[in-house]
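The basis for the numbers below is simple: all heavy atoms, side chains too, and nothing from hydrogens, waters or symmetry mates.
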Amino acid sequence: MKAAVMNKPFDIEIQEIAVPQVQGDEVLVKVMAVGVCGSDIHYYEHGKIGRYVVEKPIILGHECAGIVAKVGENVTNVKVGDRVAIEPGITCGRCEYCKEGRYNLCPDVQFLATPPVDGAFVQYIKHREDFLFPIPDDLSFEEAALVEPFSVGIHAAKRSNLKPGSTVAIMGMGPVGLTAIAAVKAFGAANIIVTDLENNRLEAAKKLGATHVINVLEQDPNEEILKITDGKGVDVAFETAGNPKALQSALKAVKRGGKMAIIGLPPQDEIGLNVPLIADNELDIFGIFRYSNTYPQGIEFLNAQNTELISLITDRFMLEETKEAMERARLNKKASLKVMVYPNGMIEE
């Protein structure tokens, strides 16, 4: 089969590698669509993210969906021909975090495209059956691949105990921020205020359900949020940009007794925060690391609601064009929202 292998930063080549063999509870999936994630771009540019360092050639890509091609002898949950979304992190199932249901914190997780684990820019991938989720016939492979970033917003909504009727601010309209709009809308948010510095992303946010958009280059986000909320602030703020100023702005946007979820990762480890503001207002701050137990709900949300997530896909590439896809996502942030790669050819659904 063909695979897009990153030999080193900025060096991706198409190679012929063996199709994985499956046994036991393993499943072979024909990969139909893979989204390019910010983490893929980070590895492509820098060769590392924090403690995760690319030390040998690696295959990137973890937002994916496909068709079951072969199953191991112990597989019972899926069968050949099933259309599935692939949850990329395989956990041990035995540690205290897995047993508590917080398996995203499992220390032994094997996450696609996180060194040294290879990812999904391949024609076929081997995956454990309990991390595959059948999708309805009328849900496209592209939307099924987007369940992965969508899950981050679902997890943040759950962690922050988002209530129907809430007012939410989302700082940063990258793909995770945009899919978070659909997530908080599904949880019943009444007012969704979003910020960014690119007008095309703010326009996309409106299509997805944002009720108020703020261009931070033209308006002070905190002043505008106070106007919108009659001086009260928001119930919950999501910081998805990974920007120190956006993080501080999100904190200031929260009402007394409100909540903030930190989703984006800034380039530096330590950022100054207003501790008296946090203490005096009894603000709850939640760290968000990936997600757990979100895929079934994410698939249901996307199948039941008109979320328009498919509108986020602005660029489409074949597997042989993976390097071009990475460059497009890296260099054209003003024009591109979501870049998708098709390992087995363009699909018509």
Side-chain angles (χ1 to χ4, degrees), residues 29 33-35 37-39 61-66 77-78 82-93 95 97-106 109-114 119-120 127-136 139-164 166 168 170 174-189 192 208-209 236 238-240 259 261-265 286-305 307-310 312 338:
V29 180
V34 189
C37 176
S39 64
H62 65 266
E63 303 174 359
C64 50
N77 293 334
V78 296
D82 281 355
R83 305 167 73 254
V84 293
I86 303 171
E87 183 173 348
I90 296 177
T91 59
C92 77
C95 69
Y97 303 107
C98 286
K99 290 183 176 181
E100 288 173 358
R102 302 183 71 182
Y103 62 81
N104 55 315
L105 302 181
C106 174
V109 63
Q110 301 289 302
F111 200 90
L112 297 182
T114 298
H127 215 62
R128 208 168 77 196
E129 70 165 330
D130 51 323
F131 289 96
L132 298 177
F133 299 88
I135 59 174
L139 191 70
S140 70
F141 288 114
E142 292 97 334
E143 288 171 299
L146 292 175
V147 172
E148 200 280 335
F150 186 41
S151 283
V152 178
I154 293 173
H155 186 59
K158 286 182 173 180
R159 286 268 287 151
S160 58
N161 196 24
L162 183 64
K163 303 290 188 184
S166 295
V168 181
I170 304 174
V176 170
L178 287 165
T179 54
I181 296 171
V184 300
K185 183 180 176 182
F187 275 79
I192 305 171
L208 289 170
V236 181
F238 289 1
E239 199 292 310
T240 63
K259 302 165 184 177
I262 302 174
I263 299 172
L265 295 177
F286 297 89
I288 305 299
F289 182 65
R290 296 173 181 159
Y291 40 78
S292 61
N293 300 302
T294 56
Y295 262 64
Q297 192 171 30
I299 292 167
E300 285 184 15
F301 280 160
L302 293 186
N303 193 49
Q305 299 189 21
T307 61
E308 295 293 334
L309 281 190
I310 198 75
L312 295 181
K338 193 67 181 177

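Rounding to the nearest 0.5 Å places CD of E129 at 11.5 Å from CG of D82. Expressed to the nearest 0.5 Å, how far CG of N293 lies from NE2 of H155 amounts to 9.5 Å. Interatomic distance, I192 CD1 to K185 NZ, rounded to the nearest 0.5 Å: 7.0 Å. The SG atom of C106 sits 11.0 Å away from atom CD1 of I90, with the distance rounded to the nearest 0.5 Å. Taken from CD1 in I310 to CG in L146, the straight-line distance is 6.5 Å, to the nearest 0.5 Å.
Using the six-membered ring where Trp is involved, H127 and F131 have ring planes that are perpendicular, over 60° apart on the 30 and 60° scheme.
With hydrogens and angles ignored, the 3.5 Å screen pairs a side-chain donor or acceptor of N104 with a backbone N or O of F289. Looking only at distances, no side-chain donor or acceptor of R102 sits under 3.5 Å from a matching main-chain atom of S292. Here the side chain of R128 pairs a donor or acceptor atom with the backbone of T91 at under 3.5 angstrom.
With sequence neighbours left out, E148 forms a salt bridge (Lys or Arg N to Asp or Glu O under 4.0 Å) with no residue at all. Applying the side-chain contact (heavy atoms from CB on, under 4.5 Å) test to S39 and every residue at least two apart in sequence or in another chain returns C37, I49, H62.
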Audit row: Q297, K158, side chain to side chain contact (heavy atoms under 4.5 Å, CB included) steps and yes/no:
CA-CA 11 Å; Q297 192 171 30; K158 286 182 173 180; 2.9 Å; yes
Kindly indicate, with the supporting measurements, whether the criterion side chain to side chain contact (heavy atoms under 4.5 Å, CB included) is fulfilled by R290 and V109.
CA-CA 12 Å; R290 296 173 181 159; V109 63; 3.9 Å; yes
Start with the C-alpha distance between L132 and N77, add both sets of side-chain angles, then the distance that settles side chain to side chain contact (heavy atoms under 4.5 Å, CB included), and finish with yes or no.
CA-CA 9 Å; L132 298 177; N77 293 334; over 6 Å; no
From CA spacing to verdict: side chain to side chain contact (heavy atoms under 4.5 Å, CB included), F238, I288
CA-CA 10 Å; F238 289 1; I288 305 299; over 6 Å; no
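Counting non-hydrogen atoms of other residues, nucleotides and ligands closer than 6.0 Å to CZ of F286 gives a total above 12.
The side-chain heavy atoms of I299 and P136, taken from C-beta on, include a pair separated by under 4.5 Å. A heavy-atom distance below 4.5 Å is found between the side chains of V184 and L162. Between F150 and E143, the closest side-chain pair of non-hydrogen atoms is not below 4.5 Å.
Taking each heavy atom of V168 and A189 in turn, the nearest pair found is CG2-CB, 3.9 Å. Here the shortest heavy-atom pairing between A183 and G153 reads CB-C, 3.6 Å. In terms of heavy-atom proximity, A156 sits nearest to I263 at CB-CD1, 3.7 Å. Nearest heavy-atom pair across S140 and I135 is O-CD1, 4.3 Å. Here the shortest heavy-atom pairing between F141 and G66 reads CE2-O, 3.3 Å. Summarising the geometry of P88 relative to F111, their closest heavy-atom pair is CG-CZ, 3.4 Å, with the distance given to 0.1 Å.
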